[in-house]
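For reference, the structure is listed below as structure tokens.
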2 protein chains.
Amino acid sequence: METTRGAERQRTAAERRRRELLEAADRVVLRDGPQASMNAIAAEAGITKPILYRHFGDKGGLYRALAERHTDALLSALRAALDAPAERRERVEATLDTYLAAIETRPQVYRFLMHPSDDAAPATEQGFDVGRHSAPLLRRLGEELGKVIAERVDLGPDSERMARIWGHGIVGMMHAAGDWWLGDRPCTRAELVRSLADLLWGRLAGAGDLPGGPGF
Amino acid sequence: METTRGAERQRTAAERRRRELLEAADRVVLRDGPQASMNAIAAEAGITKPILYRHFGDKGGLYRALAERHTDALLSALRAALDAPAERRERVEATLDTYLAAIETRPQVYRFLMHPSDDAAPATEQGFDVGRHSAPLLRRLGEELGKVIAERVDLGPDSERMARIWGHGIVGMMHAAGDWWLGDRPCTRAELVRSLADLLWGRLAGAGDLPGGPGF
DNA sequence: ACCGTGCGTTACTGACGGTAACACCAGTCT
DNA sequence: AGACTGGTGTTACCGTCAGTAACGCACGGT
């Protein structure tokens, strides 16, 4: 009896500790970028390295735990925009804007999520295991959006496959355009959102050629 | 007179040496991935580290030189597809296919180009310099495509700005979809190309809602 | 009193990026 | 010929970082 109560107390204490460590890691990563050292994170948490390793295994584990929190937060924000009661175009614009607002207000978080150094690449080399290198966030967003599209849009036969392709494609578009925009700031967020939605709405196909040379 | 001839001979010799080193580096990177060590590259070239550093400054310099070669090659292939004499839709599909074929046949190169570890981030931290973290290849492709669109497509006023946005957006779409496809291989290359072109052609806007819940 | 378990430490290894300091060997200048 | 210069190459080192023993300490259960 006393055993189980003690074990439970220890478990919850461990969980709280883990959260504290994650918050400390968060602060350091936000300050130093993705190349924050384990020593620095441990120091910020007021402890030393081996504890971090006992909690998270290795650096990849810590970063994965950290990324999961932020990814979940972003994902739920996007889901809210995606589920708003409005026309499809409006919802697409709201989703784009939500994503862009997120990366605009917290660029360090975004940077960390999209560029996890070389985490999950221990010794699985051999042959062609390519594909795991892109940020897991992009994959997850792509899959998620693909599911939503498949659920709600009528794409005829092969709907499932096409929806997934579109999900990843749209997420990639959003990401690359947002990344570039964040660096150069060539226009307002609203303009960017509008232009990307226009692209998705087929304005490229509808636009006329310009004189001189073959039109794109 | 003798001076200039000697200097020139030395210059060409240095250039040839540089090319040899780059080829050795290429072999190692293709074998070990982007985290290939300077020691390994030097060993492959039959020399030792300091020589590499004299030629390329630092690891980032070597990787930049290496990336430039491959980027140039890919870019010229894409330009060819972009300039073919055909309808716009056909040219878009050809460009997508060219890119996907390139990453399919040489995934290691692709992986290296898109994931240059944390190269150009020496001490420029401070504030919000975000944006430099994504692969330079993506930026370059995006700018390039944006220029082509601006040159050839009539987008009305603000054509310049919108073309750049679209350039980066399309490249990002291509990249993310290709990256995902390369990992899961859920369909043939041709199907992927067709689906992405359909997306760009506005099929998302035109598709009907599916019963149950608000359409996307 | 005894012991196990979990938290915490110090001190180390091994690998890596990067850098002196030095050696050698051509051709060049006097 | 003999000193000078510039490029190629080396060995041996530094600082940093991820990751790992090995040990100490405190606590609750028996």
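No hydrogens, no waters, no symmetry mates; every other heavy atom, side chains included, goes into these values. Lettering follows sequence order; numbering is per chain, from 1.
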* Asked: Does a sphere of radius 6.0 Å around CZ in B:Arg140 hold more than 12 heavy atoms from other residues, nucleotides or ligands, not counting ones at 6.0 Å or beyond?
  -> yes
* **Side-chain N,O (A:Thr48) to OP1/OP2 (C:dG8) below 4.0 Å** => no
* Structure fact -> Value for CG (B:Leu113) from CG (B:Leu138), rounded to nearest 0.5 Å, stands at 9.5 Å
* Please answer whether the main-chain N or O of A:Ser195 pairs with a side-chain N or O of B:Trp166 as donor and acceptor at a distance below 3.5 Å. => yes
* To the nearest 10 degrees, how far apart in direction are the end axes of the helix from C:dA1-D:dT30 to C:dT30-D:dA1, each fit to five base pairs? -> 30°
* Asked: In terms of the angle between their ring planes, are A:His168 and B:Trp180 parallel, tilted or perpendicular, with boundaries placed at 30° and 60°?
  -> parallel
* Can you tell me if the side-chain N/O atoms of B:Arg16 get under 4.0 Å from OP1 or OP2 in D:dT8? -> no
* How long is the gap from CG on A:Asp184 to CD on B:Glu143, to the nearest 0.5 Å? -> 7.0 Å
* On the ring face of B:Trp181, is B:Arg185 found with NZ or CZ under 6.0 Å from the centre and within 45° of the axis? -> yes
* Asked: When we call it a touch if two heavy atoms are under 4.0 Å apart, what does A:Ile51 touch: a base, just sugar-phosphate, or nothing?
  -> base
* To do: Take the protein atom CD of B:Glu15 and the nucleotide atom C1' of D:dT8, then report the distance between them rounded to whole Å.
  => 17 Å
* Asked: Any salt bridge between A:Glu104 and A:Arg189, counting N to O under 4.0 Å?
  -> yes
* **Over 12 non-hydrogen atoms of neighbours within 6.0 angstrom of CD in A:Glu160** => no
* Structure fact -> With sugar-phosphate taken as primed atoms, P, OP1 and OP2 and all else as base, the protein-contact string of nucleotides 17-24 of chain D at under 4.0 Å (heavy atoms; B, S, -) is SBBBB---
* For A:His55 and C:dG8, give me the distance from atom NE2 to atom C1', rounded to whole Å. => 11 Å
